Structures are given as C-alpha cells and as structure tokens.
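Notes to accompany the following structure.
All residue numbers refer to positions in the sequence shown, counting from 1. Owing to the predicted nature of the structure, the values given are computational and were not obtained by experimental measurement.
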Amino acid sequence: MMLTISAEDFATLSAQTQAELLAQLQGIPAPTVPQSEKAYAPSLPSDIDPALAKMFDWEDRADLTFKQIQTWMLAASDKTKLGLKVFAEHGPIIDVSLLHEAGIENPSHFQSRTTMRTRTVTGDTSAFMLAWSDWSVGDCRYAVTPITHQSLRRYFNLD
C-alpha cells in the first residue's frame, strides 16, 4: 500500500481514522469503536450540547479539510456558496430559516447538491456534507461536522 498524507491533513482526520491508518501501517488490527460511540461524528467537540448533537445522524458525514473545501468550491454555484457561508458564520448547527434568509428557497435541492459534490470531492459514494434533524417533528436544522465548519470558516476568511 502507498499512502501519502501531510501532517496537516492527518491532524484533520478523526481520532478513529488516525488510529485505523496507524494500525494499518503497522500491520496490526485496527481498534474498533463500539456502536454506541458511532452515533455522532468523531470530530464532534465537547462545546456542542450533547442533547442537541444527538438530534442528528452523524454517520457518513464527511470531515472536509480546507483543501477539500477549496476543491469543492471550484464547481459550486454562487447560490450554493452563499448557503455554505451561512454554515461558516453561524454553524456548525443552523436553523433552516438562515438558509431561506440567504436566498436558498429549496433546502432539499441545496442538500442534494452538497451531497453530490461532497461525494465527488471525497470519492466516497456514501458521504454527506450535511446532517439534518427530524423535520417531521418540526425541528428544521442542518449541521456540518466541526472540522468541515472550521474549513468553511477558513475558506470564507472568518478565522
């Protein structure tokens, strides 16, 4: 196996991914994460209220690095960029009303576009950029992982 990764990119990976890569390189079995700990993204920081975080399905949500966000944005429309700027400014968890205020009238279409582009950039056919709450109970929120949030903030020169 040939793997090239910079120290900067390695540091942006989740702890689980780092452990799996190191185990693979050392030829030892990768540590497993109990199913109960897979409920949310490995990068979920302690400063997000756990009750709020549990409202989202974090499985398959991509931790996008700054370089991936730069690539991602190359093919993004201006309207999609406006929507992602909302996440950079107000995220990592936002209410859908903020997208409406930014001119995103159809959040489902925005969600679909972000999913397709994320899968293209990551090469992972099951990856999502956005997590969403249970809209059937009237809680209309979206979220990105904290790593993706920081990458978006950097892209939009907010940090």
Side-chain angles (χ1 to χ4, degrees), residues 3-18 20-21 38-159:
L3 176 67
T4 304
I5 187 168
S6 70
E8 177 186 298
D9 286 341
F10 185 81
T12 65
L13 299 174
S14 69
Q16 176 67 24
T17 301
Q18 288 178 4
E20 289 172 358
L21 285 172
K38 292 182 181 179
Y40 23 129
S43 65
L44 192 65
S46 60
D47 62 341
I48 291 181
D49 177 5
L52 186 58
K54 288 181 181 179
M55 296 172 67
F56 299 91
D57 176 5
W58 294 102
E59 188 173 339
D60 295 323
R61 290 338 182 248
D63 282 327
L64 297 172
T65 66
F66 175 65
K67 288 180 184 179
Q68 287 175 311
I69 289 293
Q70 286 178 309
T71 302
W72 201 104
M73 294 295 189
L74 291 174
S77 70
D78 289 340
K79 196 170 195 176
T80 298
K81 288 179 184 178
L82 284 174
L84 292 177
K85 190 170 186 180
V86 170
F87 284 92
E89 294 172 335
H90 303 284
I93 298 173
I94 66 157
D95 189 276
V96 72
S97 63
L98 293 175
L99 290 177
H100 290 247
E101 290 172 17
I104 309 293
E105 296 97 17
N106 186 345
S108 296
H109 179 72
F110 175 78
Q111 177 182 326
S112 174
R113 300 307 304 162
T114 62
T115 298
M116 290 189 311
R117 185 70 183 139
T118 298
R119 290 176 178 181
T120 299
V121 168
T122 63
D124 180 348
T125 60
S126 62
F128 294 90
M129 177 187 279
L130 305 178
W132 51 90
S133 58
D134 184 358
W135 290 30
S136 67
V137 296
D139 182 56
C140 304
R141 298 183 208 188
Y142 280 115
V144 295
T145 69
I147 289 173
T148 300
H149 178 239
Q150 287 305 311
S151 298
L152 287 168
R153 289 189 60 79
R154 186 172 167 200
Y155 178 83
F156 288 109
N157 296 312
L158 298 173
D159 279 336

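Nearest heavy atoms, Ile93 versus Ala143: CG1-CB, 3.7 Å. Contact between Ala88 and His149 at its shortest, heavy atoms only, is O-NE2, 3.4 Å. The heavy-atom pair separating Val121 from Gln68 by the smallest distance is CG1-O, 3.7 Å. The two residues Thr118 and Ala127 come nearest to each other via the heavy atoms CG2-CB, 4.2 Å. Of all heavy-atom pairs between Leu84 and Trp72, the closest is CD1-CZ3, 3.3 Å. Scanning all heavy atoms of the two residues, the minimum distance from Gln111 to Tyr142 falls at OE1-OH, 2.7 Å.
When atom types are taken as modelled, the side chain of Lys79 and the backbone of Gly103 share a donor-acceptor pair closer than 3.5 angstrom. A donor-acceptor pair under 3.5 Å is formed between the side chain of Arg61 and the backbone N or O of Glu59. At distances below 3.5 Å, at least one donor-acceptor pair connects side-chain atoms of Ser151 with backbone N or O atoms of Leu64. Side chain of Thr148 to backbone of Ala62: a donor-acceptor contact under 3.5 angstrom is found. With Ser112 contributing its side chain and Ser108 its backbone, the two residues share no donor-acceptor pair below 3.5 Å. Counting only distance, with no hydrogens or angles, the side chain of Ser133 and the backbone of Arg141 share a donor-acceptor pair below 3.5 Å.
Arg113 CZ: 12 or fewer foreign heavy atoms inside a 6.0 Å radius.
Note that CG of Asp78 and NZ of Lys85 are 11.5 Å apart. Values are rounded to the nearest 0.5 Å.
Side-chain contact between Ile69 and Gln150: absent, with no pair of heavy atoms (C-beta onward) separated by less than 4.5 Å. Using a 4.5 Å cut-off on side-chain heavy atoms (C-beta onward), Met129 and Thr122 make no contact.
In this structure, the ring-ring contact (aromatic ring centres under 6.0 Å, His included) partners of Phe128, at least two apart in sequence or on a different chain, are Trp132. Partners of Asn157 by side-chain contact (heavy atoms from CB on, under 4.5 Å), not counting sequence neighbours: none found. Leu98 meets the side-chain contact (heavy atoms from CB on, under 4.5 Å) test with Val86, His90, Ile94, Glu101; sequence neighbours excluded.
Side-chain contact, Thr145 with Trp58: no donor N or O sits under 3.5 Å from an acceptor N or O.
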Problem set entry | Residue pair Thr115, Leu130: steps toward the side-chain contact (heavy atoms from CB on, under 4.5 Å) verdict | CA-CA 7 Å; Thr115 298; Leu130 305 178; 6.0 Å; no

